[in-house]
Amino acid sequence: MSFLAGLNDAQRRAVDHHEGPLLVVAGAGSGKTRALTHRIAHLIGEHGADPAQILAVTFTNKAAREMKERLELLLAQRLAQSQYGQPWSTLPPVEQRQLRSRIYREVTKELWIGTFHALFARMLRYDIDKFKDSEGLTWTKQFSIYDEADAQSLVKEIVTQELQLDPKRFEPKKTRWAISNAKNQGWLPDQLEANAEGQRGKLTADVYRRYRKALAANNALDFDDLLLLPVQLLQQNEQVRSYWHRRFAHVLVDEYQDTNRTQYELIKLLVTDGKDPQVYNNWAGRSVFVVGDADQSIYSFRAADFTILMGFQDDFGDQQSDEATRTMVKLEENYRSTATILEAANALIANNSERIDKVLRPTRGEGELISLTRCDDEIAEAEAVVHRLRMMEAANPELTWGDMACLYRTNAQSRALEESLVRWRIPYVVVGGLRFYDRREIKDVLGYLRLLINPADTVSLLRVINVPKRGIGKTTIQRLTDAANQLGIPLWDVVSDPEAVRSLGGRSAKGLLQFCELINGLREQLHNTTPSDLIQQVMERSGYVSELITEGTDEAEERRRNLQELVNAGLQYQEENDEGDLEGFLASAALASDADSKDTAADRVTLMTLHSSKGLEFPVVCLVGLEQGLFPSYRSLDDPASLEEERRLCYVGITRAKERLFLSHASERRLWGGMREPAVPSVFLSELPEALVQGEIPRSGGAAIRREQRLDRLTRVDRDQPSSAPANAVRRRQAGPAPGKRWSVGDRVLHSSFGEGEVTHTFGSGEKVSIAVKFAGMGPKILDPRLAPIEPIDR
DNA sequence: TAGCACCGGGTTTTT
DNA sequence: CCCGGTGCTA
């Protein structure tokens, strides 16, 4: 059995690629996950690659888990063939299990598969003590990972306590965001200060400096640090870098369009050992393999930058034309959706100027028309959607609730849908919103665990010191904190000193001593028991569970169930990770998303945001709330670049659907509780070809004109009578430069809506050249010079 | 120190 | 509407 069997040409080229760099441009539903898993199997099975030398980056933990599972099955199937000479499916379950566990021990356990954050958190647990900070800050292997809420409370404390600023004027949330942005650019406080404007910018840099110090004092890292520290470490320490470079001979990155600069730096450092990719040539037994689709880049708010994907050929490529290149493969055949759905998606995305031409070619039949419904308000919309789902479920015996999904722009939109689903007793699951690990009781127990491992973690200490109640109040805590600050030691060192407690604790001394005893007692267990057992012990010995039992309310009961679920999560972690320790469990908890913990196999309708739907597919998809200001979001309406991102998001939503797609919008929407707001239909609706849609497409003036201009770019496929194909379509005006114009970096252009800009990159060659242009006040734009309304400016 | 009542503000999207 | 934060009282 070959891992190349059953693949199309392009997929085979991708999977078979052995050494050197390869960019796989993979449209939605083109089998990229398949290409990735088969490639890993092929590397191990055919090229004899050592599993421990493979690093595979996925976008979610769930994707990582699924990839491991698929890989395990793939390799076990092959082993079945070579060991027993018979197909997998004919083996008795006992032997199937044996083979799988052997594959686990020898292969999947050794692989490093996960998100950037999870993988590099893991790397830091090996090497963080070798990190030399420019400001002398230090961390140890026992570091805590702070989530957004922890990070924000730290910032808030700095703003209000240390700097005594008014949190209304100097919002912690915005400040935290600014710091995160700086980190994602790879900036330290000095660089932020240098780039800052005005008093406010200087102050932000000051908060950033103090925030880093506070993190180090807590021996904690935030999400951004999990990427930034490894970059700095690999840059500064040749030995460490060379170790990881040799270790990971094969690097694979999925969803490459959503990597940011820091992540890109990491990839480069690992792959080329810090050398310039353009001159690096030591590819014997090594490869870098990235997969992505610029049209599905939807995380720029998190500093993702799809020009990185577009620049891959420049950095790593062989500098050949698209036709001749051996460092790029395009997967354009779509195996997921009906031709109708794909055509709609192609038509929509053609309205973006920032892209490189790529078409999804259907392999399936035409399918049903897309349905479009206008409703009075969000309640009527929910009812209409649920009605549709019920009709479909009743009429199609092969269709189950689990085949259906409702996608929306914002989490808040789930409520109306949930109410309707409850009314009709339809099982559903909401993905996103409040994470399991963000629940209060879960964070409390995890707080204990973090404190056990990392005594310097004052944020966690403060979280649990009086939970459940031990009579340790605000004044006591303030006194202890002051003492710790004066001595420059962690709060725990004060709390755990009986002398200090007796002199400072006052009436709380008893509670404090009790608390210390509890923590010290638990800490003794730390190294001779499992994570799940420790969770159980914390729950019981802290009195947390008994307090919940005493409370006796429904809510307390719910919390107790959640805690039981946490024990199960611990058990599951131990099962999946042979040598899994508490540090590893806490890291996985900190980095888990809600989607990771949701069981999608159950027969329930799935409700989630468009962002969470990336990478998934459903036979039936309902896309709701297609209204100006909601989708596209109001923050994108006056910014062309963000509007294009919203359009990509819509493209992602549409391409999730395999068979049927329902679109809806409401003419009125209630914001929160109170007043109704009239709503205008989304511009995206007017960009869909009429012939594909059942129901009236609302046309707004400007958008309709743009659509006319774009129609000639649509590729129509497999349709006998493309009624909307414009025989007399307006040809694009020849505003562009002469077709033969050769662009080079530094050229200046005038764009009809973005104004004047400068060419910063060129991509591709020959006829298929694209350029990146930096316009004032926005990120770089990728333009097709043959199509974009630009003119060269002579200098 | 803890519990309760009241107020005000917030909606993109997430590792 | 729902959360968290604040301030008052026992």
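Here is the naming used below: chain letters follow the sequence lines, and residue numbers restart at 1 for every chain. Remember, predicted model here, so these are calculated numbers, not experimental data.
- In this structure, K614(A) reaches neither bases nor backbone, as no heavy-atom distance under 4.0 Å exists between it and the strands shown.
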#### Entry: Contact letters for nucleotides 5-10 of chain C, in which S counts primed atoms plus P, OP1 and OP2 and B counts the base, heavy atoms under 4.0 Å
------

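- In this structure A26(A) satisfies the side-chain contact (heavy atoms from CB on, under 4.5 Å) test together with V24(A), S30(A), K32(A), V291(A), L331(A), sequence neighbours excluded.
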So which protein N/O to nucleotides 2-5 of chain B N/O distances come out below 3.5 Å?
| unit_1 | atom_1 | unit_2 | atom_2 | d |
| --- | --- | --- | --- | --- |
| dA2(B) | OP1 | G471(A) | N | 3.4 |
| dA2(B) | OP2 | N466(A) | ND2 | 3.4 |

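- The side-chain contact (heavy atoms from CB on, under 4.5 Å) test applied to V430(A) returns Y408(A), S414(A), E418(A), Y428(A), L607(A), not counting sequence neighbours.
- A salt bridge (Lys or Arg N to Asp or Glu O under 4.0 Å) check over residues 220-231 of chain A, counting only residues at least two apart or in different chains, returns the pairs R176(A)-D222(A), R176(A)-D224(A), K183(A)-D222(A), K183(A)-D225(A).
- No engagement by Q413(A) is indicated, since no non-hydrogen atom pair under 4.0 Å with the nucleic acid exists.
- Every residue two or more places apart in sequence or in another chain was checked for a salt bridge (charged side-chain N to carboxylate O under 4.0 Å, His left out) with R415(A), and none qualifies.
- Separation of the H611(A) and Y299(A) ring centroids falls under the 6.0 Å cut-off.
- Contact check, S593(A) against dT15(B): a side-chain N or O comes under 4.0 Å of OP1 or OP2.
- Near DNA chain B, meaning a heavy atom under 4.0 Å from it, residues 174-185 of chain A has no residue at all.
- Residues in residues 462-471 of chain A take part in these side-chain hydrogen bond (donor to acceptor under 3.5 Å, both in side chains) pairs, two or more places apart or across chains: D444(A)-R463(A), Y448(A)-R470(A).
- At the heavy-atom level, F116(A) lies nowhere under 4.0 Å from the strands shown.
- Remark: E576(A) pairs with Q572(A) by the side-chain hydrogen bond (donor to acceptor under 3.5 Å, both in side chains) rule, at least two apart or across chains.
- Contact annotation: N411(A) side-chain N/O to dT13(B) OP1/OP2 distance is under 4.0 Å.
- Position along DNA chain B of the nearest nucleotide to T60(A) versus S633(A) favours S633(A) as the more 5'-ward residue.
- Applying the side-chain hydrogen bond (donor to acceptor under 3.5 Å, both in side chains) rule to E645(A) yields the partners S300(A), R648(A); only residues at least two apart in sequence or on another chain are considered.
- Under the side-chain contact (heavy atoms from CB on, under 4.5 Å) criterion, A587(A) pairs with R125(A), I145(A), sequence neighbours left out.
- For A214(A), the side-chain contact (heavy atoms from CB on, under 4.5 Å) partners two or more places apart in sequence, or in a different chain, are L154(A), I158(A).
- Within the 4.0 angstrom heavy-atom criterion, only backbone atoms of the sugar-phosphate kind lie near S508(A); the bases stay farther away.
- Using a 4.0 Å heavy-atom distance criterion, T475(A) is classed as a sugar-phosphate-only contact.
- Both I477(A) and G432(A) lie close to DNA chain B; mapped to their nearest nucleotides by heavy-atom distance, the more 5′-ward contact belongs to I477(A).
- Residue Y634(A) is classed as a sugar-phosphate contact, given heavy-atom separations below 4.0 Å to backbone atoms only.
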